[in-house]
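Following: one structure in structure tokens, then a few remarks.
None of the values given here were measured: they were computed from a predicted structure. Note: hydrogens, waters and symmetry copies are ignored here, and every other heavy atom, side chains too, is used.
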Amino acid sequence: MPADLLEKTDRYERLLAEALDAAEPAGDEGTPLAEAADECLEMAESYLDDGRHFRGNDDPVNALASFSYGHGWLDAGARIGVLSVPRDGHLFTVD
């Protein structure tokens, strides 16, 4: 197995975990905005868990895909404004 795949899988897992820690719902609790944010966060957390499961079963390809999809949920939530995220740094594709 190429070392690049393992390194990339490790890096994407760390990035997703950091991004999850940094993201917060943008709307007031009980509003549709907050509900949408909660869904984005839940999906990202689920993909993080899935990726860790795949990694534990020696399946780095699906682990990497899961970590990437999870981060995609967070980026989408940030771009449409349901998640409040840091605007600087390397975790999100917002400016």
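In this structure, Phe54 CZ and Thr9 OG1 are separated by 12.0 Å, a value rounded to the nearest 0.5 Å. Rounding to the nearest 0.5 Å gives a distance of 10.0 Å between CG of Leu5 and CD of Glu7. Annotation: the span from Leu15 atom CG to Glu18 atom CD amounts to 6.0 Å, rounded to 0.5 Å.
Not one N or O on the side chain of His71 forms a donor-acceptor pair closer than 3.5 Å with the backbone of Ser66.
Listed by chain and residue number, Tyr47 satisfy the ring pair (Phe, Tyr, Trp, His ring centres under 6.0 Å) test with Tyr69 (two or more places apart in sequence, or in another chain). Under the salt bridge (Lys or Arg N to Asp or Glu O under 4.0 Å) criterion, Arg14 pairs with no residue, sequence neighbours left out. Residues satisfying the side-chain contact (heavy atoms from CB on, under 4.5 Å) test with Ala76, not counting sequence neighbours, are none. Take Asp49 and apply the salt bridge (Lys or Arg N to Asp or Glu O under 4.0 Å) test, not counting sequence neighbours, and it matches no residue. With sequence neighbours excluded, the residues forming a side-chain hydrogen bond (donor to acceptor under 3.5 Å, both in side chains) with Asn57 are His53, listed by chain and number.
The heavy-atom pair separating Ala19 from Leu74 by the smallest distance is CB-CD1, 3.6 Å. Nearest heavy-atom pair, Ala22 versus Phe92, reported as atom, atom and distance to 0.1 Å: CB-CE1, 4.2 Å. Scanning all heavy atoms of the two residues, the minimum distance from Gly70 to Ala44 falls at O-CB, 3.5 Å. For the pair Leu91 and Asp75, the tightest heavy-atom approach, listed with the atom from each and the gap, is O-OD1, 4.1 Å. Closest approach of Cys40 to Gly77, counting heavy atoms only: SG-CA, 3.9 Å.
Within a 6.0 Å radius of CD in Glu42, no more than 12 heavy atoms belonging to other residues, nucleotides or ligands are found.
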Result block: side-chain N/O donor-acceptor pairs under 3.5 angstrom for residues 27-39, not counting sequence neighbours:
unit_1 : atom_1 : unit_2 : atom_2 : d
Thr31  : OG1    : Asp28  : O      : 2.6
Thr31  : OG1    : Ala34  : N      : 3.2

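Side chains of Leu83 and Glu24 form no contact here, defined as non-hydrogen atoms less than 4.5 Å apart.
Note on Leu48 and Tyr12: same hydrophobic cluster, where clusters join Ile, Leu, Val, Met, Phe, Trp and Tyr whose side-chain heavy atoms are under 4.5 Å apart, directly or indirectly. Cluster annotation: Trp73 and Val85 are assigned to distinct hydrophobic clusters (Ile/Leu/Val/Met/Phe/Trp/Tyr, side-chain heavy-atom contacts under 4.5 Å, transitive).
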